[in-house]
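Below is one structure, written out as structure tokens, with a few remarks after it.
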Amino acid sequence: MIESTYLEGIRAGLQAEMREDENVILFGQDIAAFGGAFKVTLGFLDEFGPKRVFNTPISESAMIGSAIGMATQGLRPVVELQFADFGLTAVHQIMNNAAMTHYRTGIPVPITLRMPCGGGFGGGPFHSEELEGLFCNMPGLKVVYPAFPGDARGLLVSAIRDPNPVIYLENKYLYRHVKEMIPRKADPVPLGIARICRTGRDAVILTYGAMVHESIQAAERVAADAGYGVMVIDMRTLKPYDEDTVLSAVAACNRVLIVHEGCRTCGFGAELAALVAEKAFHLLDAPVRRMTAPDVPVPFAPELEKAYRPDADKIEQALMELLEF
Amino acid sequence: MIESTYLEGIRAGLQAEMREDENVILFGQDIAAFGGAFKVTLGFLDEFGPKRVFNTPISESAMIGSAIGMATQGLRPVVELQFADFGLTAVHQIMNNAAMTHYRTGIPVPITLRMPCGGGFGGGPFHSEELEGLFCNMPGLKVVYPAFPGDARGLLVSAIRDPNPVIYLENKYLYRHVKEMIPRKADPVPLGIARICRTGRDAVILTYGAMVHESIQAAERVAADAGYGVMVIDMRTLKPYDEDTVLSAVAACNRVLIVHEGCRTCGFGAELAALVAEKAFHLLDAPVRRMTAPDVPVPFAPELEKAYRPDADKIEQALMELLEF
Amino acid sequence: MTLDKDKGLEMLRVMLMTRAIEERLIRLYHQGKIYGGVYTGYGQEATGAATAALAGPNDIFTPCIRNLSAHIGRGASAMDVFRQWLGRKDGPTGGRDSNVHFGSAENGVYAMISHLGAMIPVCVGAVMGRRYRGLDSVGFAFIGDGGTSTGDFHEAVNFAAVRDVPVVIMIENNHYAYSTPTREQYRCKHLVDRAAGYGIEGIRVDGNDAVAMAEALGPVVEDIRRNPRPVLVEADTMRMRGHGEHDDFSYVPKELLDAYAARDPIRLARKQAADHGWADDAAADALAGEIQSVVDDAYKAALAESRPDASTLTLGVYAGD
Amino acid sequence: MTLDKDKGLEMLRVMLMTRAIEERLIRLYHQGKIYGGVYTGYGQEATGAATAALAGPNDIFTPCIRNLSAHIGRGASAMDVFRQWLGRKDGPTGGRDSNVHFGSAENGVYAMISHLGAMIPVCVGAVMGRRYRGLDSVGFAFIGDGGTSTGDFHEAVNFAAVRDVPVVIMIENNHYAYSTPTREQYRCKHLVDRAAGYGIEGIRVDGNDAVAMAEALGPVVEDIRRNPRPVLVEADTMRMRGHGEHDDFSYVPKELLDAYAARDPIRLARKQAADHGWADDAAADALAGEIQSVVDDAYKAALAESRPDASTLTLGVYAGD
Ligand SMILES: Cc1ncc(C[n+]2csc(CCOP(=O)(O)OP(=O)(O)O)c2C)c(N)n1
Ligand SMILES: Cc1ncc(C[n+]2csc(CCOP(=O)(O)OP(=O)(O)O)c2C)c(N)n1
Ligand SMILES: [Mg+2]
Ligand SMILES: [Mg+2]
């Protein structure tokens, strides 16, 4: 076992797959000698050489469009976006080109788009966005969002091996904020399977990304303070999502809180709430609840961002209201 | 009263506002002498002249970006996208620039983006998309989607007068398929207010766009065949949406079917289902149901598109299941 | 470079086949027998024919709306084309995508998405992919005068230049983008004036003269194959019909159409074939006749084929499922 | 055009103020007193100063990351800047947006979004809007060497050319985009080589020499004001610090930094002020001293101001609510 941060987990997953398969190549802005804005790929140029690790101009559409071309010719390109936000200049490449090609033509497009996302560090409206609500509405994409170092590694391995375009969301706040002991070997973590992070029978929190950690903290507090047992589920893959685990958890707990960091309307939480409302209606002892950011751009000032972003305190309060409904 | 198609309603709304306010200007691809791909603006160049009505290069980002510049200098630009699908090349302008400027700086951005959308005519994956799920997840946008000629006119008038960026979705299938008698005067229809198209107390259908007409047909059939009274609500504005009307309808009917033409996961139906699950849980006699397209690109062949797109038959079947739950 | 008889005749065949198919499609549209619109490259057959004649087995094509001749030149059969247009189950997209939106993995031809410009980076990447794997590959990315105004055009050409990717960016300047004339699309004199801004070579060619194009571009393609880099080509041509068959193109001045009608690429190619001694008029007529019956048979055969089964709607959204 | 004393001194003032503010910000960053990153235009103060000196009251500016001097030249006070950086309630964005992301409606200066290139069409449209309303307006859109690779750059410059919009597209070529040197960004010799491709004029200037820039661009700006059209300017300059203060910029060769250090725009402007008899060394020192105390006072005053109230979080997402 080795100790790994979330960022190191991403690095290790990428490195393992690049060692495994020479068709895995990596490009993006400043990712070569410089190692990327967050230094995820530091040392990769030296290890894998300039044919497999290279910088690009500031051209997200050309980056993603060319990745589609490479992927359809046998490579497995991994593209680093400097911030997820900048992927919005190339939505047509992601949605209309990458995600629809297999359905239209039967040709697989195995690309992985690494997208640093999320807030909590004063990044302001354009360096903090959570975009999973958008990506999950695009047919043909897979959307992955790890919360732990081991999952960051294992899900990245699976994303790269997957024959489909995968949006790999990496939470910047977690890069250096979470650590865990993980096995030496970079085994894949299968896509589409949620993870039960904490058991309990009084309520279940459905969440992902940085909010997994806030939720666990909140669950521990309500356990300590009020004796409630709250299950916490890390969705890990948002598309396709793990309906079975969600429904079993609802059956076991009968109360559901959904937590995410991004905007509310049509966010991924809406999908989860809709699923529960459709398929587990009879199992509920209280209305499903969503704890999300409001429909507001991510504000810069710490006072505002704190009010914007869900956290353990807010989750705890929502949990207590739900538990005592 | 005059008879008007949906397309004529759009044209009339645009014309009324351009006559009213010389700061309303219009641009897009092929919209001047040619009158646009769907001929909505035929005759506008002659009436309003080349300063107010002009063609642009095929540059969606420049079109929307420049509209933001104009809007912040006192104009009220209306931009015609040839198809909503092509707006996906400029999501950063729509979401990050247009929609966030007021929150960040206090400067209003009164632009209207006219986006022909929807399928049902063999347009294939790139000329049939329903994108409201995406737009509703973007903070700062308003999203409007008329189903009737009179609303098409009145909502467009309101959209143009609104001080915010408004996505005005126009359903191509409805352009020439719906007609109604409307008053001569182009009064605004307020944004944010749903319309009760049909009353009933056994179930309510929440829908919008082309599906309003399919839903009414289905509701009439279950009335004729089985004596059920089904309310049909046309949301009309998807963001901000009319929570009050929805919740009153749920209180009155206790059974809810949500219908839309676009993809399921994180679609606008998910948001409505989540709302109902959160706020009207205790009023439900059956689980909320969504009838949507599957998470699939819009296929071309009529056999496939028919299977893809909800219609009166499928809605009727879902309604019967819901009513007899 | 001087063209040989084989290539000359092959280009003629490609153009005749393209024309015959598109004439049939046009007729079908006006008979109400086509679902959706009909978009052709009528009058622009030379560009695809000439580039296909220069291409090797590992080369990549990303055709646009008007490039049926590129598909045919790369090996698409009339049967493939009708299956596609008729939305048949066994067609290239199985009825999932429409009309010009098809390709062929074996032929190295990509199925375009509608967003103009978006396929250029795909072409660049596909060539990068093939070259990474050691294959000798050059790309041919087609784009219209209107499509050059997209951000994607710029990003992709610059990207190819920076990464030294051998791609021929073939701008077909047919004077209009739908109803929009080039003076409302750009202000440079010629679109090849953009080449310098990418640090690459720009070449103007007569887009209606397949032989001259093949001769002019042949050495360039061989050169970029060995010394990889993109090149920008502007082919002067004319869209001889509406944007689609629904469009009466009354916005195009008659004189302009007349001028290009006099320079019809197929008429020119036949004359050249005769002049070079590749095929006299009788031989060309015979070829045209043969092609016509292939096309007629293909249409009939495709028409008889099955349509896609509604139950397959949700299959294949993901690979490997 | 020869610059007069007023303009010359004004440019010097703008540059000194910019430098003084940014030096303070750099210090604050390294003291851990700034929330988020610090990004400056250290060494690039001349471009904003020169363009502001040429601009009239109705002109529009869309500055980028390194253009604090453009803000100052258009009237932003040190107080505005510190309020912004400190996220104060009464600052230009009320703490909602960060660092360089601010503007001023009165000054005709737009608050940039981060997506590079995205503000160029906004500049074009704002000028179109003002001119539609009969105002005499010219735009100044700033962009880096890296930002020229975006689709937005291309679409906006072409759009301005087609619509005859008088905008100076000011490319600040500072040799790097974050860690990426220009040879990995483009392959043309100079970025002004792109001008021909838009059918517009391209001009290269020494971006560290405010006086020469103002003199060279003055007549051009007056000319496009009267005969509206865009113009592409490439200013050669150098980012003298990291991309942000977190960045040690060890990827930049020392010789390159030394060469540009020797051409520091403020040192040069002081020398020119002395040479032209606008301000001798003592006068310049006095000016710098005055500015320093304005900056010091502004920082202290901004620091004492209130932060935004969390309860206002959801207000103003929509106008008119
Ligand atoms: C990004 C984008 N915007 C708009 C359209 C709609 N559209 C389809 S074809 C066309 C005109 C294309 O003109 P050009 O590139 O000159 O090609 P041509 O049709 O003349 O061959 C337009 C505007 C599109 N396909 N993509
Ligand atoms: C579309 C987009 N992609 C990526 C980024 C991330 N980014 C911010 S600044 C920067 C480098 C900019 O370089 P340049 O344009 O040369 O400006 P400079 O910093 O040198 O002034 C990058 C890549 C961005 N802001 N926008
Ligand atoms: Mg054209
Ligand atoms: Mg730079």
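In what follows, chains are A, B, ... by sequence order, proteins preceding strands, each numbered from 1. Not measured: the values here are computed from a predicted model.
Within the model, atoms OG1 of A:Thr265 and CG of B:Leu141 stand 11.0 Å from one another, a figure rounded to the nearest 0.5 Å. Between atom CZ of residue A:Phe86 and atom CG of residue B:Asn96 there is a gap of 8.5 Å, rounded to the nearest 0.5 Å. To the nearest 0.5 Å, atoms CG (B:Leu134) and CG (A:Leu134) are separated by 5.5 Å.
For the side chain to side chain contact (heavy atoms under 4.5 Å, CB included) criterion with A:Pro139, the lone passing option out of B:Pro294, B:Cys263, B:Pro125 is B:Cys263.
Within the 4.5 angstrom heavy-atom criterion, only backbone atoms of B:Ala286 (N, CA, C, O) approach chain A. The part of A:Tyr103 that comes within reach of chain B is its side chain, from C-beta onward, which places non-hydrogen atoms under 4.5 angstrom from that chain. Heavy atoms closer than 4.5 Å to chain B are found in the side chain of A:Leu131, but not in its backbone. A:Lys279 does not touch chain B: none of its heavy atoms, backbone or side chain, sits under 4.5 Å away. In this structure, chain B has no heavy atom under 4.5 Å from any part of A:Ala99. Within the 4.5 angstrom heavy-atom criterion, only side-chain atoms of B:Phe126, from C-beta onward, approach chain A. Within the 4.5 angstrom heavy-atom criterion, atoms from both the backbone and the side chain of B:Arg264 approach chain A. Proximity to chain A (any heavy atom under 4.5 Å) is restricted, for B:Glu129, to the side chain, taken from C-beta onward.
B:Ala277 and A:Pro287 make their closest contact through O-CB, 3.4 Å (heavy atoms, listed as atom of the first residue, atom of the second, distance). Contact detail for A:Cys266 and B:Gly133: the closest heavy-atom pair is CB-O, 3.7 Å. The two residues A:Val91 and B:Leu88 make their nearest non-hydrogen contact at CB-O, 3.5 Å. The two residues A:Phe281 and B:Asp285 have their closest heavy-atom pair at CE2-C, 4.4 Å.
Within 6.0 Å of NZ in A:Lys314 there are more than 12 heavy atoms belonging to other residues, nucleotides or ligands.
Contacts with chain A were tallied for B:Ala280, B:Ala273, B:Pro297; B:Pro297 has the most, counting heavy-atom pairs under 4.5 Å. Listed options A:His92, A:Glu132, A:Arg289, A:His282 were ranked by heavy-atom pairs under 4.5 angstrom with chain B; first place goes to A:His92. Most heavy-atom pairs under 4.5 Å with chain B: of the set A:Pro299, A:Ala274, A:Ala90, A:Gly262, this distinction falls to A:Ala274. Contact count versus chain B (heavy atoms, under 4.5 Å) is highest, among A:Gly140, A:Gly124, A:Gly267, for A:Gly267.
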Handout entry: B:Gln93 and A:Thr89: CA distance, side-chain angles, deciding distance, side chain to side chain contact (heavy atoms under 4.5 Å, CB included) verdict
Key = CA-CA 8 Å; B:Gln93 291 290 3; A:Thr89 61; over 6 Å; no
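In this structure, A:Arg290 pairs ionically with B:Glu278, as a charged nitrogen and a carboxylate oxygen lie closer than 4.0 Å.
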